[in-house]
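Along the sequence shown, residues carry numbers from 1.
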Amino acid sequence: LLLGFAPARVLLANDTIVNAIQSSIVAVTRAWRPMLVLAILHSVVLLLAPLTLVVSAIITAPWLACVNYQAYADLFNSHKGTE
């Protein structure tokens, strides 16, 4: 999960790979409690996928994608509203 936001930083913010990795690690470690909840959700879905014939992953994948995007937006766009 530490590197989860690095591809988005490269694509959306035009960061270099090294800067994207560094900013992803810093953002996740600063918001470690919400990221821990997100990691637990991802782990539960991955653990349930083989048991439910991948139905749990198919059902929750769009929701988790939206949650990940919202987490990215909150972590990296929080300074824009304070200006």
[X]-[Y] co-clustered via ILVMFWY side chain contacts under 4.5 Å:
X: L12; Y: V67; answer: yes
X: V28; Y: V26; answer: no
X: I58; Y: V45; answer: no

To the nearest 0.5 Å, tell me how far L64 CG sits from L38 CG.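 Rounded to the nearest 0.5 Å, the CG-CG separation comes to 7.0 Å.
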From CG (N68) to CG (L41), nearest 0.5 Å: 9.5 Å
I need the full list of side-chain hydrogen bond (donor to acceptor under 3.5 Å, both in side chains) pairs touching residues 17-27, with sequence neighbours left out, sorted by first then second residue.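 Qualifying pairs: T16-N19.
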Residues two or more places apart in sequence or in another chain: which of them pass side-chain contact (heavy atoms from CB on, under 4.5 Å) with A61? none
Qualifying ring-ring contact (aromatic ring centres under 6.0 Å, His included) pairs with a residue from residues 23-75, counting only residues at least two apart or across chains: Y72-F76
Any side-chain heavy atom of M35 within less than 4.5 Å of one from L2?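 With C-beta onward as the side chain, the pair stays apart.
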What pairs meet the salt bridge (charged side-chain N to carboxylate O under 4.0 Å, His left out) rule with one or both residues in residues 18-47, with sequence neighbours excluded?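 Non-adjacent pairs meeting salt bridge (charged side-chain N to carboxylate O under 4.0 Å, His left out): zero.
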Write out all pairs satisfying salt bridge (charged side-chain N to carboxylate O under 4.0 Å, His left out) with one or both partners inside residues 4-21, taking only residues at least two apart or from two chains. R9-D15
Review item, side-chain donor-acceptor pairs of residues 46-54, under 3.5 Å, at least two apart:
{"from": "T52", "atom 1": "OG1", "to": "L48", "atom 2": "O", "distance (Å)": "2.9"}
{"from": "T52", "atom 1": "OG1", "to": "S56", "atom 2": "N", "distance (Å)": "3.3"}
{"from": "T52", "atom 1": "OG1", "to": "S56", "atom 2": "OG", "distance (Å)": "3.2"}

Inspect the surroundings of CD1 in I17 and state if more than 12 heavy atoms from other residues, nucleotides or ligands are less than 6.0 Å away.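 Counting neighbours around CD1 of I17, 12 or fewer heavy atoms of other residues, nucleotides or ligands fall under 6.0 Å, so no.
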